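This report refers to the structure that appears directly beneath it.
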There are 2 protein chains.
Amino acid sequence: MAEATIRDVARKAEVSVASVSRALSGAANVSAETKERIARAVSELGYIPHAGARSLSHGRTHAIGVVLPDLHGEFFSEIVRGMDREASANDYLLLLSPMHGGGRQATTALRAMRGRVDGLLLMAPHIAPEELRGALPANLPAVLINTRSSVGRTSIRLDNAAGMRAVVAHLLAQGKRHFVHLRGPAGNLDAQERADAITDALDAAGLRPIFMPGNFEESGGHAAIRQLVADGTRFDAVIAANDMMAIGALTALRQAGVEVPRTVAVTGFDDVPLARHLDLTTVRVRIADLGAEAIVRLLAELGGERPSEEQLHQPELVVRRTTEEPS
Amino acid sequence: MAEATIRDVARKAEVSVASVSRALSGAANVSAETKERIARAVSELGYIPHAGARSLSHGRTHAIGVVLPDLHGEFFSEIVRGMDREASANDYLLLLSPMHGGGRQATTALRAMRGRVDGLLLMAPHIAPEELRGALPANLPAVLINTRSSVGRTSIRLDNAAGMRAVVAHLLAQGKRHFVHLRGPAGNLDAQERADAITDALDAAGLRPIFMPGNFEESGGHAAIRQLVADGTRFDAVIAANDMMAIGALTALRQAGVEVPRTVAVTGFDDVPLARHLDLTTVRVRIADLGAEAIVRLLAELGGERPSEEQLHQPELVVRRTTEEPS
DNA sequence: CTGTTAGCGCATTCAG
DNA sequence: CTGAATGCGCTAACAG
């Protein structure tokens, strides 16, 4: 048999559907006895309201669409966890639509959300602003995360510059003067901002770093450092664009017999669990909080607030043994 | 202005809504010219079909509900990734509803899915079968993952016993004879099965392990081993119920100056990325594949197949340095 | 307090 | 090939 509908309940309780709807919506004006009869009918029929129909009529879905690019494990689960924490605390469900490709995929993913969600969370560090503007449904509140341009929407970005400034200041305080920066992949916004911040901060101290290309992966960091060592290049600090490259660098330095941090200090970015285990100095990004913040902003807009300007999420320097001798 | 509806498109193209619907549904019978006019109207209005309304009418949502308990990062992202891979390949969206609590929360989470999804993926290693049966909408196809009882639904389970049997056999082959097992949380199905399998496998060898309570967390493994060492208990192998506890155990052993694996061997379960870095012998669970398998089963049921019996997902022993000296 | 009715946006008969 | 009408399940006026 098909699932019971509100009409079945009404019939069984011998009242109108309107009364059932009211009774179930909680507080309206329904006599105690009617309420009682309805409750009994509901439980006898095992009635469960049809959320889809309710949305169509009510105009609200109580769901939030989340469109994410392919993220490596750590980041993905953390940000979704933060979003969920905040969303379910407010009785919202999360509709996930990871996009596996570039522009066209994003458009498809966004279109599929029409009529299913009240608002959108979009993370797209690699999509051009024009494409974004075209793909975003005009009437749908949306919060952008780490996106190149806010195209008039609320957006939350990681403050990469602040993080790297803290790293540079810390290393300078340790007496380091010859810097190497292991870059993230070309075209990646975070990577670009991190590199720029390092350049600026060192420039202020009258220094210039050596730049090595990288890819956010362990192997890239390892290869870069091995090459520098083989070339006999002199340096006393390695600032990697993320933790995984820093870890690769540590391995390469250890294999070369270089003392860390005395001869060469090493820093990462992200604070993945591995970083703590390896005692890597890094910049901690509270990813889950970032996700939660995005939900909070979105809910505020759903509640009627105006989209706010760009917001920066502050990371935090975590000093460990790859830059500072234990005392 | 509100979003354009199918009626706006019909008006602009000077045809009926039925024709628009047909034209958009792809292949039906529509003249080329009509199709052309509709296409133009659609793009001029920026019309996007309303998925919610379509679902209500069509009776299919093209979405799959995913109800998961609170999972630690690694596991969560991996299983969702696998599910997404398979789901989006078949044009299904994932509606996430993590449940943060026990029975009542699960019921709520499941009820919220009514009318929003075509099928359900439910992972609930800690919920009693009776509660489950009551909470699951009768007409909704569902695949259960690591659940205590299949209550007549398709279910996929991890073959914990096979994994632990492989661990025990390996350790016995290394000459180990005095076993400690760091258990998972009480009431957790996986934890129970792992403990039972160890007991059985050792029993066959005429041995009995020491059981220590645990919680699947690093701190628990650390505390347990520290206590054993403090008590002067003798043992030469630690089988942790998961990787994180094994990692805690490793730390405790190192702090106590115990040689691994010569004096004490250590094994985990899961093969989280950290395990590889720490060279931990463990049982690899291909979590993403497990999630993908669940989707495949569910899609088959949505396609009309009968629910299949219980299916076991095989994990795989990965031997590393915490049980075997490098040669 | 309660029942009737009209949509929400779309797919789908059934006639033309 | 096309249009008018009906209903998916529910909520929200509007009358009683």
Side-chain angles (χ1 to χ4, degrees), chain A residues 1-38 41-42 45-63 111-118 137 139-140, chain B residues 1-38 41-42 45-63 111-118 137 139-140:
Chain A
M1 82 225 148
E3 293 281 330
T5 75
I6 195 173
R7 259 195 289 262
D8 300 323
V9 176
R11 196 173 313 132
K12 182 145 207 153
E14 301 182 289
V15 296
S16 72
V17 295
S19 294
V20 178
S21 178
R22 280 190 282 257
L24 295 179
S25 306
N29 1 336
V30 189
S31 78
E33 196 216 316
T34 305
K35 218 180 289 188
E36 172 56 30
R37 287 234 302 284
I38 292 174
V42 163
L45 292 170
Y47 169 72
I48 302 177
H50 189 289
R54 191 205 294 270
S55 302
L56 185 57
S57 167
H58 190 257
R60 281 206 171 285
T61 63
H62 257 290
R111 286 174 53 97
M113 293 286 180
R114 165 85 215 276
R116 322 185 87 122
V117 300
D118 295 335
N139 288 319
L140 207 53
Chain B
M1 83 226 150
E3 293 281 331
T5 75
I6 195 173
R7 259 194 292 263
D8 300 324
V9 176
R11 197 173 313 131
K12 183 145 206 153
E14 300 181 291
V15 296
S16 72
V17 294
S19 294
V20 177
S21 177
R22 280 190 282 258
L24 295 180
S25 304
N29 3 335
V30 189
S31 78
E33 195 216 317
T34 305
K35 217 179 289 189
E36 172 56 30
R37 288 233 302 283
I38 292 174
V42 163
L45 292 169
Y47 169 72
I48 303 178
H50 189 289
R54 192 207 293 272
S55 302
L56 185 57
S57 167
H58 190 259
R60 282 207 171 285
T61 63
H62 251 41
R111 288 175 52 98
M113 293 287 180
R114 164 85 214 276
R116 321 184 88 122
V117 300
D118 295 334
N139 289 319
L140 207 54

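Small disclaimer: the values here were computed from a predicted structure and weren't measured. Letters go in sequence order (proteins before strands), and every chain restarts at 1.
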Enumerate, atom names and distances included, each donor-acceptor pair closer than 3.5 Å involving a side-chain atom of residues 53-60 of chain A, sequence neighbours excluded.
unit_1, atom_1, unit_2, atom_2, d
A:S55, OG, A:A51, O, 2.8
A:R60, NH2, A:L302, O, 3.3

Fill in the blank from the handout: Hits for ring pair (Phe, Tyr, Trp, His ring centres under 6.0 Å) against A:H62, two or more places apart or cross-chain, chain-then-number order -> A:Y92
Handout entry: All side-chain hydrogen bond (donor to acceptor under 3.5 Å, both in side chains) counterparts of B:R37, not counting sequence neighbours
Key = B:E33
Problem - Short side-chain N/O contact from A:R54 to OP1 or OP2 of D:dT11, under 4.0 Å - result: yes
Fill in the blank from the handout: Rounded to whole Å, the CG-C1' distance (A:L45 to D:dG9) equals 15 Å
Practice task
Rounded to the nearest angstrom, tell me the gap between atom CZ in B:R11 and atom P in D:dA4.
Solution key: 13 Å
Practice task
Applying side-chain hydrogen bond (donor to acceptor under 3.5 Å, both in side chains), name anything that partners A:S21, two or more places apart in sequence or on another chain.
Solution key: none
Practice task
Would you kindly compare B:A4 and A:S31 by the position of their nearest DNA chain C nucleotide and give the one closer to the 5′ end?
Solution key: A:S31
Problem - For A:R11, all residues meeting salt bridge (Lys or Arg N to Asp or Glu O under 4.0 Å), sequence neighbours excluded - result: A:D8
Practice task
Have a look at A:V15 and say if it touches a base, only the backbone sugar-phosphate, or nothing, with a 4.0 Å heavy-atom cut-off.
Solution key: sugar-phosphate
Handout entry: Phosphate OP1/OP2 of C:dT12: any B:H58 side-chain N/O under 4.0 Å
Key = yes
Problem - Test item: A:V17 and A:T5 side chains (from C-beta on) under 4.5 Å apart, heavy atoms - result: no
Handout entry: Any side-chain heavy-atom pair of A:V9 and A:L24 under 4.5 Å
Key = no
Practice task
Return the value, rounded to whole Å, for the distance between atom NE2 of B:H50 and atom P of C:dC8.
Solution key: 11 Å
Practice task
Return no unless some side-chain N or O of A:S55 is found under 4.0 Å from OP1 or OP2 of C:dC8.
Solution key: no
Completion exercise
DNA chain D nearest-nucleotide lookup for A:L24 and B:A53: closer to the 5′ end is B:A53
Practice task
Report yes if a side-chain nitrogen or oxygen of A:S21 is closer than 4.0 Å to either non-bridging phosphate oxygen (OP1 or OP2) of D:dA12; otherwise report no.
Solution key: no
Problem - Interatomic distance, A:E33 CD vs C:dC1 P [rounded to whole Å] - result: 13 Å
Fill in the blank from the handout: Sorted by chain and number, sequence neighbours left out, side-chain hydrogen bond (donor to acceptor under 3.5 Å, both in side chains) with A:T61 holds for A:D118
Fill in the blank from the handout: To the nearest angstrom, the CD-C1' distance between A:E14 and C:dG3 comes to 14 Å
Handout entry: Results of side-chain hydrogen bond (donor to acceptor under 3.5 Å, both in side chains) for B:E36 - residues two or more places apart only
Key = B:R40
Problem - Atom-pair distance (CZ on A:R114; P on C:dG9), nearest Å - result: 8 Å
Check: protein-nucleotides 4-7 of chain C nitrogen or oxygen pairs below 3.5 Å:
unit_1, atom_1, unit_2, atom_2, d
C:dG7, N2, A:S57, OG, 3.3

Exercise for the section: Send over the distance from B:I6 CD1 to D:dG3 P, rounded to a whole Å. Expected result: 12 Å
Practice task
Show your reasoning for whether side chain to side chain contact (heavy atoms under 4.5 Å, CB included) applies to B:E3 and A:R114.
Solution key: CA-CA 10 Å; B:E3 293 281 331; A:R114 165 85 215 276; 3.6 Å; yes
Problem - Whole angstrom value for the distance that separates P of D:dG9 from CZ of B:R60 - result: 14 Å
Exercise for the section: Rounding to 10 degrees, work out the angle separating the end axes of the helix from C:dC1-D:dG16 to C:dG16-D:dC1 (five pairs an end). Expected result: 40°
